[in-house]
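Before any comments, here is the structure.
Numbering of ligands and ligand atoms starts at 1, following listing order. For this chain, numbers begin at 1 and follow the sequence in order. Just so it is clear, the model here is predicted, and its values are computed rather than measured.
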Amino acid sequence: MVHLRSLILLLTITLWPFSGLCQFCDSGLGYCNSESALPSKILIKGGTVVNADHQEVADVYVEDGIIVAVRPNIKVADGVRVLDAKGKFVMPGGIDPHTHLAMEFMGTETIDNFFSGQAAALAGGTTMHIDFVIPVNGSLSKGFEAYVEKSKLSCMDYGFHMAITKWDDIVPKEMEIMVNEKGINSFKFFLAYKGSLMISDELLLEGLKKCKSLGALAMVHAENGDAVFEGQRRMIELGITGPEGHALSRPPVLEGEATARAIRLAAFVNTPLYVVHVMSSDAMEEIARAQKSGQKVIGEPVVSGLILDDSVLWDPDFVTAAKFVMSPPIRALGHGKALQAALSTGVLKLVGTDHCTFNSTQKSLGIDDFRKIPNGVNGLEERMHLVWDTMVESGQISATDYVRVTSTECAKLFNIYPRKGAILAGSDADIIIFNPNSTFQISAHSHHSRSDTNVYEGRSGKGKVEVTIAGGRIVWENEELKVVPGSGRYISMPPFNYLYHGINKADANYLTSLKAPVNRI
Ligand code: URP
Ligand code: ZN
Ligand code: ZN
């Protein structure tokens with residue numbers, strides 16, 4: 001079915017007559033390539049195969065998009081493409097749990113769509129991502145349909161989370177449909193963005209209860225939106241209208257407060273909670289405290305929060321400063337280091353990007369008022385390199401931990417392991433060959449995003465994704481992308497992940513502990 005669809009799209013691309021531009025990505029990016037559409041047999045020889053729990057020297061044999069065997073000295077017939085991986089790591093392709101492709105937000109739309117964003121991801125060793133569907137006027141089904149359209153451009157596998165932006169009699173019914181029929185197993189609640197995406201505590205409580213009944217994972221954007229609104233007013237009154245006002249208007253205490261509040265409400269409902277883009281030690285410490293008390297709370301740092309600091313927002317050049325505007329904001333030096341430590345000890349579990357890219361023209365919407373700068377930074381292409389360089393090269397985590405935080409934990413949380421997140425016989429052939437002795441360089445001149453800026457401009461470091469295999473096709477090799485719009489598959493994600501184990505027993509224990517109602521005659 002998928003191959004047939006690829007073939008049809010491939011034909012359409014080939015026959016597209018009069019333009020140098022691809023009709024799907026409309027960009028002239030130049031990496032639509034049909035050769036990779038054919039199913040292939042690949043043998044990866046002699047590399048160190050790294051999974052989240054184990055590493056060993058072995059060959060990996062792939063046929064028709066699936067890993068068929070993982071063991072030393074695999075012999076194959078002629079006609080199999082052999083890739084030499086001696087001295088290199090063979091790891092599961094990255095899975096980014098947090099992206100916004102073609103998202104309409106703050107009066108504009110993110111510059112990377114499902115083609116350019118995914119092409120960039122593949123060039124950086126990420127082979128799957130989970131994007132946030134935004135409802136249309138609160139309607140989940142309309143939002144889902146819109147994202148089905150947007151994602152027709154996909155050149156790699158992807159799944160969906162869904163945001164909940166209002167509550168009425170229809171929304172909980174639509175949540176049921178999303179979980180039971182559409183393959184969505186997580187819902188995001190925004191406690192910030194007053195006047196657009198923000199919801200009340202009352203709605204959050206309803207949402208948490210509904211998530212629990214469906215076995216879906218509740219996710220929160222944790223900032224106190226009312227206080228942010230007040231903070232923004234204060235900055236404007238002080239005459240601070242530039243990008244630094246963004247950081248000053250929403251300090252870490254507002255992230256800590258909202259994180260604590262969401263955690264306590266999830267505890268009250270006794271349902272698991274996933275805190276997205278943890279940017280401050282204030283929020284991280286709330287998560288650590290809850291975990292210590294036994295609560296099931298997952299914290300997701302993003303690359304920008306781990307490695308950047310807020311000094312960039314004070315840059316005298318507006319375009320340079322504005323490209324770093326995201327929410328919660330990039331924090332003062334020290335927060336990132338604390339988040340890295342929390343990732344290394346397991347308090348924070350998996351790394352996302354929150355890839356939500358706007359070019360410098362779009363960022364200039366807020367030239368006179370930081371409140372109008374579209375919020376978001378890039379990271380899809382850079383995540384795998386930067387996490388390796390920052391966390392593994394510095395000795396903070398091992399190669400197996402690296403696989404866990406960039407791929408396996410995401411697959412487990414969203415219930416698609418071991419199809420994804422593992423180099424095992426039977427898993428999807430989403431694989432990277434990573435050379436730890438090579439180096440990477442980042443620049444907007446060479447990246448594959450459609451943006452004209454990159455928040456990691458000029459960075460370099462150790463380790464390089466030399467080959468990316470997605471769905472059994474070699475899509476990145478010799479610094480060249482070969483991707484086909486429409487070849488990516490939607491990955492359905494079932495409910496009741498491992499965090500739900502034991503929830504019923506805990507509820508039963510709670511009920512017996514009440515010793516109520518008291519039987520009074
Ligand atoms: O600044 C950000 N994070 N933009 C994307 C929307 C969100 O809050 O995740
Ligand atoms: Zn958010
Ligand atoms: Zn986001």
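A 4.5 Å side-chain heavy-atom check between Lys420 and Asp430 finds at least one atom pair inside the cut-off. Side-chain contact between Leu413 and Pro97 is absent, with no heavy-atom pair separated by less than 4.5 Å.
Distances from the Zn ion (ligand 2) show that Lys188 has an N/O/S atom below 2.8 Å. Counting backbone and side-chain atoms alike, His100 contributes an N/O/S atom closer than 2.8 Å to the Zn ion (ligand 3).
The proximity of Lys188 to ligand 1, defined as any non-hydrogen pair under 4.0 Å, is limited to the side chain. Contacts between Met326 and ligand 1, counted as non-hydrogen atom pairs separated by less than 4.0 Å, involve both the backbone and the side chain.
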Item to complete: List the steps, then state whether side chain to side chain donor-acceptor pair (under 3.5 Å) holds for Ser200 with Glu202.
Response: CA-CA 5 Å; Ser200 64; Glu202 187 185 4; 4.7 Å; no

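Thr406 pairs in a side chain to side chain contact (heavy atoms under 4.5 Å, CB included) with only one of the listed residues (Met91, Met391, Arg383), which is Arg383.
Ring geometry for His100 against Phe132 counts as parallel: the plane angle stays under 30°, on a 0 to 90° scale with 60° as the upper cut.
Those atoms of ligand 1 with a heavy atom of His221 less than 4.0 angstrom away are 8 (O). When each atom of ligand 1 is checked for a heavy atom of Asp354 under 4.0 Å away, the hits are 2 (C), 3 (N), 5 (C), 9 (O). For ligand 1, the atoms sitting less than 4.0 Å from at least one non-hydrogen atom of His98 are 9 (O), numbered in the order shown with element in parentheses. Near Cys356, the atoms of ligand 1 lying under 4.0 angstrom from a non-hydrogen atom of the residue are 4 (N), 5 (C).
Look at Arg419 and Asp428 and you find a salt bridge, because one of the NZ, NE, NH1 or NH2 atoms lies within 4.0 Å of a carboxylate O, short of that distance.
An angle of 90° is found at the Zn ion (ligand 3) between His98 atom NE2 and Asp354 atom OD1, rounded to 10°. Take the Zn ion (ligand 2) as the corner point: the lines to ND1 of His221 and to NE2 of His277 open at 90°, to the nearest 10 degrees.
Residues Asp131 and Thr99 have side chains that bring a donor and an acceptor to within less than 3.5 angstrom of each other. Donor-acceptor pairing under 3.5 Å is recorded for the side chains of Asn375 and Ser327.
Within the structure, the closest approach of Phe190 to ligand 1 falls below 4.0 Å when heavy atoms are considered.
Comparing heavy-atom distances from atom 7 (C) of ligand 1 across Phe358, Phe105, Tyr193 singles out Tyr193 as nearest. The heavy atom nearest to atom 4 (N) of ligand 1, considering only Ile330, Val377, Asn375, Val302, is found in Asn375.
For atom 1 (O) of ligand 1, the closest heavy atom belonging to the protein is Ser327 N, 2.8 Å.
Side-chain N or O atoms of Thr408 include one that pairs as donor or acceptor with a backbone N or O of Gly421 at under 3.5 Å.
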